[in-house]
Structures are given as C-alpha cells and as structure tokens.
Enquirer: 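Here it is, the structure, as structure tokens.
It should be emphasised that the depicted structure is a prediction, and the values quoted were computed from it without experimental measurement. So that the names make sense, note that chain A is the first sequence line, chain B the second, and so on, each numbered from 1.
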Protein chains: 2
Amino acid sequence: MEKRATIKDVAEAAGVGVATVSRVLSGGSASPRTREHVLAVAAQLDYRPSALGRNLRQRRTGGMGLLVPDLTDTFYGQLAEGVLACARSTGEPVVVGSTGDDPEQESELIGMLLEQSVDRLIAVPTGDAETWAPAVRAGMTVVFADRLPARPAEEEQQDAVDDLMRLDGLIPAARPRPPEVPSVLADDRAGIRTAVRYLRGLGHRRIAFLGGPGHDRRVAAFREAVGAPVDEELVVFATGSRDSAYAAASGLFQSRPDLTAVVAGGNVLGEAAVLAARELDLRVPRDVSLVMYDDVPWAELCSPPLTVIAQPGRDMGYRAAELVLRPGGRRPRTVVLPTELIIRGSCGPRR
Amino acid sequence: MEKRATIKDVAEAAGVGVATVSRVLSGGSASPRTREHVLAVAAQLDYRPSALGRNLRQRRTGGMGLLVPDLTDTFYGQLAEGVLACARSTGEPVVVGSTGDDPEQESELIGMLLEQSVDRLIAVPTGDAETWAPAVRAGMTVVFADRLPARPAEEEQQDAVDDLMRLDGLIPAARPRPPEVPSVLADDRAGIRTAVRYLRGLGHRRIAFLGGPGHDRRVAAFREAVGAPVDEELVVFATGSRDSAYAAASGLFQSRPDLTAVVAGGNVLGEAAVLAARELDLRVPRDVSLVMYDDVPWAELCSPPLTVIAQPGRDMGYRAAELVLRPGGRRPRTVVLPTELIIRGSCGPRR
DNA sequence: GTGAAAGCGCTAACAC
DNA sequence: GTGTTAGCGCTTTCAC
C-alpha cells in the first residue's frame, strides 16, 4: 500500500505550479509544450487525481444516486443495468440503494445521499411528494423512472374528474400537468389498454387487475380501459413482497372464481399469479387468461409462455441517466417510452 | 435550494469551537452540558455533517464498492440485495458497478473506485490476479463473493495434481491454499457432487456440464464427481451473455444427442438450456434431465419446475458486506456457505 | 473539557 | 500562459 501521488507531487516533479497541472488534466489552456511535459510526468508518477479533493472543492460528489424498490425484481435489474451502462460511459460512480418499497427507507436513503452530497438522483419513487421534498429543496437534480410519487388527494380528484370528462369526449386528452421533476415512464395507459382490448376481444368480461406499489397509473388505465362500472372486487393490491403478491393472487382467485382473465401489474405479481393458479388447479389459459406487465427472460420459459406487456427497462434506465446528467432546457422533460403487447400462450378465449 | 449549515455555523451559533462540535457529534469527550447544548443547536439548524469534508480529511470514502457481472441475472440481484441490506443498516453508501463479465470493464471500474478513494470492495471477480493487483496494491480491503479470480496456470496444474492424489486417497483433503483475499463462496463442490450423484442414481451416464464465466470451480467439481475419463465434448462453455448461453446449449444438444442429462452452471445457462431443449423438441425430463445452479423464483414456474442447486445469494452478499466492513483478525477468512439440492420435476430416470 | 490551527487534494480567482 | 493563494468542511493534534 504505497500512498498515491498528489497533484503537488506532479507539479514539483514537472517544475510547474499545481494550477497548471490541474488545467492540463482538465483540458484547460496550456502551451502544448507544458501540456505534454506535465502529462508525461503525471503518467510516469502514475498519478490519478483524487475525487476527494475535487468533490470538496466543488461541494458536490460526481456521479449519481439510484434508488430502486428491489434488485431481485428483474425489471429493476434491467433498469439498473441501463443506468450503470450510461454511467460507465462517462466514468461516473453510481450509489445504489434498495428501498423495499418502503417510504421510510427511501427517506433514509435520500438522507444518506444528501450527506454524501450526491446531487443527482434517479429514483423509482415509493414515498409521496412529502418524502421527496427534502431532496428537491436541497437542490438535487432528480429524475423519476418507471413511476411518479403518489400525489396529494386533491390532485387525484381533479384527475378523476378529468378522466370522466375525457371519457365523455369533453376534453381531448390528458390535461397537461406541469411536472416538477423530469421522468422516464413507460406508456402504461397504452400498454394496459392494448392488453385489456386484447382480452375483451377474446371474449373476456370479468377481468381482474393485480396491482403492487406504484401501480396507480396502471390501475387508472385499467379502470379506463375496462369502462365503468368497474367491479371493485376485481382490483386487488399487494405490497412489494413476493409473499404478499402470492396472497393477493390466491385470495383473488378464491374470492372470485368467476373471473376469466387477470392483468398482473408487474412481473413479481405475474409470477405470483402463475403460482397461485397452479396451486388452485386453475389451468392457464383454459381456466384463466393472464397478461403480465414486464417482459422478462423467464416469461418465455413458463408453460404456457406468458403473454406480456413489454416495457424497455434497460432503455428507461439509460435515458434516465442521460437526463440526470444533462438536465435539459428550461422546463423538465418527461420521456414516455412505448410498450408492446407480446402475445405468447397465456391467453385464450373465454370458456 | 438553501445551502446547508456547516460545522462552523453550528459552532458559532452554540458559542463553542468547531472541534467541540466535531467531538460531540462523533461521540468524543465533552461535558454533558455542552454536549446537550450543541446537539440542540445542531438539530435546530438542521445540521447534517458533510461526508465531503470528512472524506477528504480521512483520505477515504466511507462505504464500499460492489462489482457484479450482471444485475439482470437474478442471482446477482439477490447478492446485491444482501450487500445493500447490510450497508443500509450502517448507513453506508454502496457504489455499484456492472462488469458484464469483461475483465477490461472490471479494470476500469476498479480504477474509478480508486479515484473515488473507495477502499472497501466486494466483487464477483471476472479478471485474473493481474486485474486485481492494482486494487490490492492500493490497499483496498477486497472481499470476493461467489467466485475467485482465475489463477496463474502453474497453480492450476498443482491443483490438478492435488485432485488426482485426492482421488487416489493419497492426501486427505484439499491442500490449504493461502487466500490473499477473504471471500464468501457457496460450497460448489458439494452442490455439484450431490447433483451428479442424484443424476447417476437416476441411471444417467452421459451427463453434460454447461458452464459460464467463473464456473471453473464448478467444472472442476463436475469432473471430479463424474470421474475420469470425462467426455470432453460434454463440457461446454458460454460467455456471459444470454445469446451465447443459448448457442452453447443448443450446440451441445445438437452435437451430442446421446446425452441424457445436463447440469447448468448458473441460472442464465439453465434458462438457455430449457429454451434450447424446447426448440429442438427435447422433452424435459423425458428426453433430457436438467439440474440448474441457483434457485430463482421462476425455477418453480417452469414446466416442469426445475430441480436446482440452491445457494444463498442474499446471505452471501450480506456476509461479504460484513466481512469487508470489519476485516476479521490476522489472516483473511473464507466463508463457505452450504448449497442444497432442491428436487422438483426436471429430472427423470434415463430412458 | 475546550479552542485554535493545521491541513487533507483539489479548483478557481487573481495577479503577473 | 502560468504561478500563487485562498479556501471547500471536516478531524485531529496540541496547547491551555
């Protein structure tokens, strides 16, 4: 463990001032002659600038933070890979935290990042606006991915009103809601709509939705696609854990044996649905059709292979990282990536 | 974006010196009276010590680095969750990098961590000893997880000799090889041995091994368990990618239609084997039996459900993090965690 | 028990 | 173009 050369060492060895070394290394102005000389000396001394000094001086850590609910969920694994790929190309460090879909843990992790002066953060948010206030107040550049924080009740109500009006054709499209924070989302509305239409086309009428944390936009889209009145018993929620997902799926199948199709809001929920169906001797797709959000490698391994709503997890991560690295123009940008219904074998005609 | 209070602000507001504030906050000696006062003032100012100053002063970043091959591989997702869980309990940041099983990328990521002065690192290594020399030389505390770096050829030869002697009962057990670096591994030898014995018990004689990067210990165990002479055509390797895994599996099935069982060295390879078998109209387990390393949630969803060698990914990560946080006594510790053969439905008697 | 002061390695004013 | 210098926020001697 030999101690590293500092900028001062390089300056002395090269017979120049530290500022010159700093300039040369960060591409500032310097005569070609000195530049070359300094570079040579630095290389010879195996000098690597320390991020420590730079960070303190600039009062900010380079790189970015990344907060996801659970890295054993393949979709978040894909998302994380996208972020890491982008960060790798710029040599930036990424501090990763797993929230377990718990706002409290999320809050603590935000605090940790603040303490580290990480001022760029990509997050799949779990808490609401209040949870995120400290980060925003501290001036962090935040980009949300995959979903948005839950919003206050009054806003939700306004949305509901909007949705109704939209149904009635009173307003053409979603009212623009000024996003405080840029985000990268999948086109949940289109994805869910396509899936529900597909199921209806197969004759299904009692379609259930199996949701998890952060799936509010997906449920909303589901309600809209199914059309009022929605059978509320067919919309059930689980918390983030696999156990909870299984319990929710199993409970749903048992309480409503009359349902003929289910849309799982995420791959963990889809997994649970397959498991629960098998346990209850329900055949897919003979007894129940299944569409799962997220295309994951194992969807094809199931039997029958699962029909899925694919969303580009890796791309979402990559785009989010790009966005957080150079915060686009004046107002925050929201990127919506397309989804695709991939029809495999888990849906059949209503019996 | 209000700027944060510094230790100096607290000191002034409390009418004490900065040293006192520092002491109080890091549990040093101070009179109960001052302690309480300082704490109150700090709380009132919403003071959060900046890691930047501390890091520079101590010439090291807190927290740790984590290098894995691929976060979309569920096993590494589990491992990462374990590491993050441990780090969360201590409030430490974790800088994560994904190597893609590429020594060059690994090398660059090590460089990045060095530049950040991250001096604790947990890694699923991809490169060899040479790749890891810089980290060790710089005095990093490294803990390897899941596997060890490839070692120089002469050592491998010595191992081969040892293995032969062991087979002949000339020496009782593995010769102790002084590990330079502590590590957390699964008991690959026992896992593979159990699986092979199980397959042999079912009557299988032509058993193949489908390996990936870093599976050398597993192959070695496979060779040992199968016993000489090993049919070399039945031992094939893929690189880290899913495509390569599929190609290897497919090639294996086609070139050796006489094989009756295959052991996949990891879950990505198992996935590929299932896919390739299906494509070639091979029925599992009727035509070919399959055992996969790694228990992942979707193993149960396959049909038939996959028989697996389970290793505790999350625990491995957690233990590795513990190890890297307090580097145990004098000599480096190696922790070996047990594996378990979980028999489901992908193995049947030889036809 | 407490305060003053010296840096940790770097960047950015500012002077030359 | 280049050198000098003043910190960034913190911990840690060293006096008192």
Side-chain angles (χ1 to χ4, degrees), chain A residues 1-39 41-42 45-63 91 93 114-119 138-139, chain B residues 1-39 41-42 45-63 91 93 114-119 138-139:
Chain A
M1 177 174 178
E2 58 215 48
K3 67 177 184 301
R4 271 160 54 178
T6 75
I7 198 176
K8 210 176 148 195
D9 298 329
V10 178
E12 280 173 8
V16 300
V18 288
T20 301
V21 179
S22 177
R23 274 185 218 108
V24 167
L25 267 64
S26 45
S29 68
S31 80
R33 184 151 162 36
T34 16
R35 143 164 276 103
E36 201 173 343
H37 181 55
V38 168
L39 251 26
V41 172
L45 256 52
D46 194 30
Y47 170 68
R48 309 224 25 184
S50 160
L52 258 30
R54 185 185 338 133
N55 291 348
L56 176 54
R57 172 64 222 226
Q58 300 179 161
R59 294 131 129 226
R60 48 180 291 276
T61 309
L114 247 24
E115 180 167 332
Q116 300 292 326
S117 299
V118 172
D119 64 349
Chain B
M1 178 174 175
E2 60 215 44
K3 66 175 187 296
R4 271 161 54 178
T6 74
I7 198 174
K8 208 175 152 197
D9 299 328
V10 178
E12 280 172 9
V16 299
V18 290
T20 303
V21 178
S22 176
R23 274 184 217 110
V24 167
L25 267 65
S26 45
S29 68
S31 79
R33 184 150 161 38
T34 9
R35 143 164 275 105
E36 202 171 342
H37 183 216
V38 168
L39 251 25
V41 171
L45 257 50
D46 194 31
Y47 170 67
R48 307 220 30 179
S50 159
L52 258 30
R54 187 186 334 131
N55 290 348
L56 176 55
R57 172 65 221 227
Q58 297 176 163
R59 293 131 130 226
R60 48 179 294 274
T61 308
L114 247 24
E115 180 166 332
Q116 300 293 325
S117 300
V118 172
D119 64 348

Enquirer: Which heavy-atom pair separates B/Val38 from B/Val16 by the least distance, and what is that distance?
Expert: CG2-CG2, 4.1 Å
Enquirer: Starting at the 5' end of nucleotides 2-8 of chain C, put B wherever the base has a protein heavy atom under 4.0 Å, S where only the sugar-phosphate does, and a dash everywhere else.
Expert: BBBBBBB
Enquirer: Working to the nearest 0.5 Å, report the span between CG of A/Leu52 and CD of B/Glu115.
Expert: 10.5 Å
Enquirer: Check the phosphate of C/dG9 against A/Arg54, side-chain N and O only, distance under 4.0 Å to OP1 or OP2. Yes or no?
Expert: no
Enquirer: Rounded to whole Å, how long is the line connecting atom CD of A/Glu12 with atom C1' of C/dG9?
Expert: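 Computing the A/Glu12:CD to C/dG9:C1' distance gives 13 Å.
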Enquirer: Ignoring hydrogens and angles, tell me if any N or O in the side chain of B/Thr61 forms a donor-acceptor pair with the backbone of B/Ser117 under 3.5 Å.
Expert: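 Yes, B/Thr61 side chain to B/Ser117 backbone: donor-acceptor pair under 3.5 Å.
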Enquirer: Taking the side chain from A/Ser22 and the backbone from A/Val18, do they hold a donor-acceptor pair closer than 3.5 Å?
Expert: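 Not a single qualifying donor-acceptor pair exists.
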Enquirer: How bent is the helix from C/dG1-D/dC16 to C/dC16-D/dG1, measuring the angle between the end axes built from five pairs each, rounded to 10°?
Expert: 40°
Enquirer: Which heavy atom of B/Leu114 sits nearest a heavy atom of B/Ala138, and at what distance?
Expert: CD1-CB, 3.9 Å
Enquirer: How far does NE2 of A/His37 sit from OG1 of A/Thr20, to the nearest 0.5 angstrom?
Expert: 11.0 Å
Enquirer: Locate the shortest heavy-atom distance separating B/Ala14 from B/Val41; write the atom from each residue and the value.
Expert: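 Of all heavy-atom pairs spanning B/Ala14 and B/Val41, the closest is CB-CG2, 3.9 Å.
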Enquirer: Roughly how many Å is it from CD1 in A/Ile7 to P in C/dG9, rounded to a whole number?
Expert: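 Going from CD1 in A/Ile7 over to P in C/dG9 covers 11 Å.
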Enquirer: How long is the line joining CZ of A/Arg60 and P of C/dC10, in whole Å?
Expert: 17 Å
Enquirer: Kindly give the heavy-atom pair with the smallest separation between A/Val24 and A/Ala30, and that separation in Å.
Expert: CG2-CB, 3.9 Å
Enquirer: To check you understand the geometry: which heavy-atom pair defines the closest contact between B/Tyr47 and B/Leu25, and what is its length?
Expert: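 Smallest heavy-atom distance, with atoms named: CE2-CD2, 3.3 Å.
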Enquirer: What are the bounds, 5' to 3', of the part of DNA chain D that sits under 4.0 Å from heavy atoms of chain A?
Expert: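 On DNA chain D, the outermost contacted nucleotides are D/dG1 to D/dG9.
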Enquirer: Could you pull out the closest heavy-atom pair between A/Ser50 and A/Arg4, with the gap in Å?
Expert: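 Closest approach of A/Ser50 to A/Arg4, heavy atoms only: CA-NH2, 3.4 Å.
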